[in-house]
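Only one structure is covered here, and it is reproduced in the block below.
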Amino acid sequence: MKEEILNREDSLVGTRPVRQSRPPSRVKGFDVGYVDGDGVERRVPLRRARAVRFEDGLPVRSFPSYRGQRSYPGLYWSATTGGHVGFESWLERDHAVALDFDPQVIGYASQPMWLFWEGESGRVRCHAPDFFARLSDGRAMVIDSRPVECRSDERDIATFAATKLACAQAGWDYALWGEADEVWVANVRWLAGYRHARCRNEAVANRLQRYFARPGMLLAGAEETGDPIATLPVLFHLLWRQELTTDLSVLLSDRTVVHATANRPGEQ
């Protein structure tokens, strides 16, 4: 059922169909600028950037907030990284949450690098992708966030095409993400409220795992395994950790059917 809601082609989170762009006909060699974990600014050719752990670096841009601003920047605390990840819009925030929720992602960072290249006009172009993610199998993914209706500008189309070309040369996956399914986003955003390890109580977690070895309704399981005031936060934490699972294409409720995951995240 999850795959019916999430289009995982070229992405880790479901997005609506996007306009495909052709690779630029002439792009000269890429350079990559980044800020390492010690705050030192560096710039290297793309071939040397393959070994850089961008997930451990600092943002190359700030996330300013000012009166009259049309976007909504902020910081999201990530359970995956144990630190804050910046975002420049609600869409980027939803993507930061989705990366945090995905068990394949073991590290990620926002505004991780500058890409520099000489475009077809001969002028130097630059672009800072929105996210860099490291996956559990060692692969890397670079992500741009942009609503579908905001992708018609030819300059933006050329920028995304050049970024995709650079990622292909570096051996990174590239994805251009838009809006995910609204119900899925609402459910994951709710579960993110229980992402911190402080929501876990091992004794309660074990009781919930035993109860949901067979599918059962969410509130009934919380009541059967203890006081719901104490068990519901643990239950939501296990759903966030995907140690319990449910159909997130349907809005969560007391009658949501939950069951234990066959293999917990990280297990074979």
Side-chain angles (χ1 to χ4, degrees), residues 6-15 18-24 27-37 41-61 63 76 78 80-81 83 85-89 91-102 104-117 119 124-148 150-151 155-180:
L6 303 187
N7 170 19
R8 301 182 65 88
E9 183 178 357
D10 200 32
S11 68
L12 299 177
V13 63
T15 60
V18 302
R19 176 180 176 183
Q20 298 296 319
S21 55
R22 293 179 299 175
V27 170
K28 293 189 177 178
F30 293 94
D31 280 352
V32 178
Y34 66 99
V35 182
D36 65 22
E41 296 184 11
R42 302 184 183 278
R43 180 165 171 168
V44 297
L46 180 62
R47 65 180 182 277
R48 290 179 53 191
R50 298 171 185 171
V52 176
R53 291 181 55 84
F54 293 101
E55 66 270 32
D56 297 333
L58 300 178
V60 296
R61 293 169 54 188
F63 303 91
Y76 168 77
S78 166
T80 300
T81 68
V85 176
F87 57 85
E88 296 182 294
S89 65
L91 181 63
E92 287 186 23
R93 178 203 58 184
D94 289 343
H95 292 166
V97 175
L99 287 166
D100 204 20
F101 181 62
D102 196 312
Q104 297 180 65
V105 176
I106 60 174
Y108 68 105
S110 58
Q111 305 294 323
M113 68 182 79
W114 284 107
L115 283 175
F116 300 96
W117 70 95
V124 174
R125 298 284 307 280
C126 64
H127 173 59
D130 293 308
F131 297 101
F132 179 94
R134 183 74 62 184
L135 309 186
S136 56
D137 61 4
R139 290 185 298 121
M141 175 173 277
V142 173
I143 300 142
D144 273 312
S145 301
R146 186 67 62 89
V148 174
C150 298
R151 300 178 186 176
R155 183 179 176 87
D156 287 342
I157 293 171
T159 295
F160 295 140
T163 303
K164 184 175 183 178
L165 177 62
C167 290
Q169 293 179 5
W172 303 326
D173 294 334
Y174 176 68
L176 178 56
W177 285 0
E179 302 89 342

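Side-chain atoms of R151 come within 3.5 Å of backbone atoms of R146 as a donor-acceptor pair (strictly under, hydrogens ignored). Distance alone, capped at 3.5 Å, places no donor-acceptor pair between the R61 side chain and the W114 backbone.
Considering T163, D173, L99, D130 as possible partners of I143, the one that fulfils the side-chain contact (heavy atoms from CB on, under 4.5 Å) test is L99.
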Side chain to side chain contact (heavy atoms under 4.5 Å, CB included) between L115 and V32, worked out: CA-CA 5 Å; L115 283 175; V32 178; 3.8 Å; yes

Stepwise side chain to side chain contact (heavy atoms under 4.5 Å, CB included) check, L135 with V105: CA-CA 5 Å; L135 309 186; V105 176; 3.9 Å; yes

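Put simply, CD1 on I106 and CD on E55 are 7.0 Å apart, with the number rounded to the nearest 0.5 Å. Note that the CH2 atom of W172 and the CZ atom of R134 stand 8.5 Å from one another [nearest 0.5 Å]. Once rounded to the nearest 0.5 Å, the distance linking CG of D102 with OG of S136 reads 8.5 Å.
When side chains are defined from C-beta on, Y34 counts as touching V44, because their heavy atoms get closer than 4.5 Å. Taking 4.5 Å as the limit, every side-chain heavy atom of D36 sits out of range of all side-chain heavy atoms of L58. Here the side chains of V52 and M113 are not in contact, with every heavy-atom distance at 4.5 Å or above. Looking at Y174 and P129, their side chains never come closer than 4.5 Å, going by heavy atoms from C-beta outward. L91 has its side chain within reach of E179: a pair of non-hydrogen atoms, C-beta onward, lies under 4.5 Å apart.
Looking at every heavy atom in both residues, A162 comes nearest to F30 through O-CZ, 3.4 Å. The two residues F131 and P112 have their closest heavy-atom pair at C-CG, 3.9 Å. The minimum heavy-atom distance between F132 and V142, with the atom names listed, is CD1-CG2, 3.9 Å. Heavy atoms only, all atoms of each residue included: A128 and D144 are closest at O-OD1, 4.3 Å. Minimum heavy-atom separation, S78 to V85: CB-CG2, 4.0 Å. Scanning all heavy atoms of the two residues, the minimum distance from F54 to A49 falls at CE1-O, 3.5 Å.
Considering only residues two or more places apart in sequence or on other chains, R125 meets the side chain to side chain contact (heavy atoms under 4.5 Å, CB included) condition with W117, R155, T159. In this structure, the side chain to side chain donor-acceptor pair (under 3.5 Å) partners of S145, at least two apart in sequence or on a different chain, are H95. Residues satisfying the side chain to side chain donor-acceptor pair (under 3.5 Å) test with R48, not counting sequence neighbours, are none.
Ring centers of F87 and Y76: at least 6.0 Å apart, outside the cut-off.
Remark: R43 qualifies as a cation-pi partner of F116 under the 6.0 Å distance and 45° angle criteria applied to the six-membered ring.
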